[in-house]
K.L.:
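I have a structure here, written as structure tokens, and I will follow up with some questions on it.
As a basis for the values below, the full set of heavy atoms in this structure was taken, side chains included, without hydrogen atoms, waters or symmetry mates. Below, read A as the first sequence line, B as the second, and so on, with proteins coming before strands; counting in each chain starts at 1.
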Amino acid sequence: MPFTLATWNINSVRLRAGLVEKLLTEEAPDVLCLQECKSPVAKIPHEIFAALGYPHMVARGEKGYNGVAILSKLPIEDVGDKDFADLGHARHVAARMDNGLTIHNFYVPAGGDVPDRDKNVKFGQKLDYVAGMRDWFASEKPQKAILVGDLNIAPLEDDVWDHKKMLKVISHTPVEVEALTEAQDAGGWVDVTRKDLPVGKLYSWWSYRAKDWDAADKGRRLDHVWATPDIANAAHGSRILRDARGWEKPSDHAPVFASFDL
DNA sequence: ATGGTGGCTATGCCA
């Protein structure tokens, strides 16, 4: 059966419940994974999404920061979460569908401003978090799984607006890219977005601070869809809904879509 | 070199 999934850093699911509604109504993915919900799970406006045909939700939350949620048309089972680097943050949750597909939803730490772990604790925590992902994937050997989320790293030259200018900017430093590549390789994960769209610039995030984000187009691809090799060949139709970055009171991230014939 | 915007929650922290 064909299956479509989207991932979106929503930057407050309560403030932007209307934008989630718009996405679910207009695009109707089977599963929507959200990050930066910034809400306790009990205060996520789940009734609104249930009324639109998404009665199933698996989520982790905290007050004001972080938070991840998986909304689904079809039943999903909560199969736990990980707290890499012992941050105590709601940055991961996993769900399993009746067909055995596992969906991992991640919100990797942003890492602060200074790309030096001796001067910036947050950067060290980001590297430790991604190393934790690597070690877990190496021991788990995931199968029939999809990993999505805001990984806060843009690994490829064409994932940023200016590769050379970004080499010392957190999200595109070589040490981060290496760490992410190690995590990807440890699980055998295939970058589905780049499998489908191998050529050219691709962004999913544009800063709120740019005067004219659309014209300046200084974006980064921070949001990812990965799949294990056993289902990666079933993936197709990846796209980034850039329009959503221009919606009223937008998130600074755009949703990333992928479809799978499973 | 700096500051630019936005969310949460009440003041500074985080992105």
K.L.:
Within residues 158-171 of chain A, find the residues that approach DNA chain B with a heavy atom at under 4.0 Å, and present them sorted by residue number.
P.N.:
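Heavy-atom contacts with DNA chain B come from no residue of residues 158-171 of chain A; none.
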K.L.:
Mind calculating the distance between CD (E62(A)) and P (dA15(B)) to the nearest angstrom?
P.N.:
11 Å
K.L.:
What is the distance from CH2 of W213(A) to C1' of dG4(B), rounded to the nearest Å?
P.N.:
18 Å
K.L.:
Mind running a 4.0 Å heavy-atom check of residues 5-20 of chain A against DNA chain B and sending the residues that fall below it, in number order?
P.N.:
N11(A), S12(A), L15(A), R16(A)
K.L.:
Hey, what else clusters with L147(A) if you join Ile, Leu, Val, Met, Phe, Trp, Tyr whenever side-chain heavy atoms sit under 4.5 Å?
P.N.:
F84(A), L87(A), F106(A), V108(A), Y129(A), V130(A), M133(A), W136(A), F137(A), L151(A), I153(A), V177(A), L180(A), W189(A), W226(A)
K.L.:
With the side chain counted from C-beta on, respond yes when L167(A) and P174(A) share a heavy-atom pair under 4.5 Å apart, and no when they do not.
P.N.:
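Sidechains of P174(A) and L167(A): in contact.
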K.L.:
According to salt bridge (charged side-chain N to carboxylate O under 4.0 Å, His left out), who are the partners of R239(A), at least two apart in sequence or on a separate chain?
P.N.:
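Checked R239(A) against salt bridge (charged side-chain N to carboxylate O under 4.0 Å, His left out); matches are E27(A).
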K.L.:
Under 4.0 Å between a side-chain N or O of R91(A) and OP1 or OP2 of dA15(B)?
P.N.:
yes
K.L.:
Partners of W161(A) by ring-ring contact (aromatic ring centres under 6.0 Å, His included), sequence neighbours excluded?
P.N.:
none
K.L.:
Can you check the K211(A) NZ to dG3(B) P distance for me, whole Å?
P.N.:
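Whole-Å distance recorded here is 14 Å.
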K.L.:
Atom CG of D252(A) to atom C1' of dG7(B): distance rounded to whole Å?
P.N.:
10 Å
K.L.:
So, is K249(A) near the phosphate of dG7(B), with a side-chain N or O under 4.0 Å from OP1 or OP2?
P.N.:
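Answer yes for this pair, as a side-chain N or O of K249(A) is under 4.0 Å from OP1 or OP2.
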K.L.:
Nearest-Å distance, CZ (R209(A)) to C1' (dG7(B))?
P.N.:
13 Å
K.L.:
Listed by chain and number, what are the side chain to side chain donor-acceptor pair (under 3.5 Å) partners of E248(A), not counting sequence neighbours?
P.N.:
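Applying side chain to side chain donor-acceptor pair (under 3.5 Å) to E248(A) gives none.
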K.L.:
Considering only residues two or more places apart or on different chains, which pairs with a residue in residues 67-86 of chain A satisfy side-chain hydrogen bond (donor to acceptor under 3.5 Å, both in side chains)?
P.N.:
R60(A)-D78(A), R60(A)-D81(A)
K.L.:
K218(A) NZ to dG3(B) C1': how many Å, rounded?
P.N.:
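Atom NZ in K218(A) sits about 13 Å away from atom C1' in dG3(B).
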K.L.:
Clusters formed by hydrophobic residues whose side-chain heavy atoms approach within less than 4.5 Å: which one holds F257(A), and what are its other members?
P.N.:
W8(A), I10(A), V13(A), L19(A), V20(A), L23(A), L24(A), L32(A), L34(A), V41(A), I44(A), I48(A), F49(A), L52(A), Y54(A), M57(A), L71(A), L241(A), W247(A)
K.L.:
Going by an N to O cut-off under 4.0 Å, is there a salt bridge joining R194(A) and D159(A)?
P.N.:
yes
K.L.:
Using a 4.0 Å cut-off on heavy atoms, which residues in residues 147-156 of chain A reach DNA chain B? List them by number, or say none.
P.N.:
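Going residue by residue through residues 147-156 of chain A, none turns out to have a heavy atom under 4.0 Å of DNA chain B.
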K.L.:
Mind checking what makes ring-ring contact (aromatic ring centres under 6.0 Å, His included) contact with H163(A), not counting sequence neighbours?
P.N.:
H172(A)
K.L.:
Please determine whether a side-chain nitrogen or oxygen atom of K122(A) lies at a distance below 4.0 Å from atom OP1 or OP2 of dC14(B).
P.N.:
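For dC14(B), OP1/OP2 do have a side-chain N/O of K122(A) under 4.0 Å.
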K.L.:
Whole angstrom is fine here: how far is it from CG in L87(A) over to P in dA15(B)?
P.N.:
10 Å
K.L.:
Which salt bridge (charged side-chain N to carboxylate O under 4.0 Å, His left out) pairs, counting each pair once, include a residue from residues 36-54 of chain A, with sequence neighbours left out?
P.N.:
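Passing the test, one end in residues 36-54 of chain A: E36(A)-K38(A).
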K.L.:
Could I get the full list of ring-ring contact (aromatic ring centres under 6.0 Å, His included) partners for Y107(A), not counting sequence neighbours?
P.N.:
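In terms of ring-ring contact (aromatic ring centres under 6.0 Å, His included), with neighbours along the sequence ignored, Y107(A) is linked to no residue.
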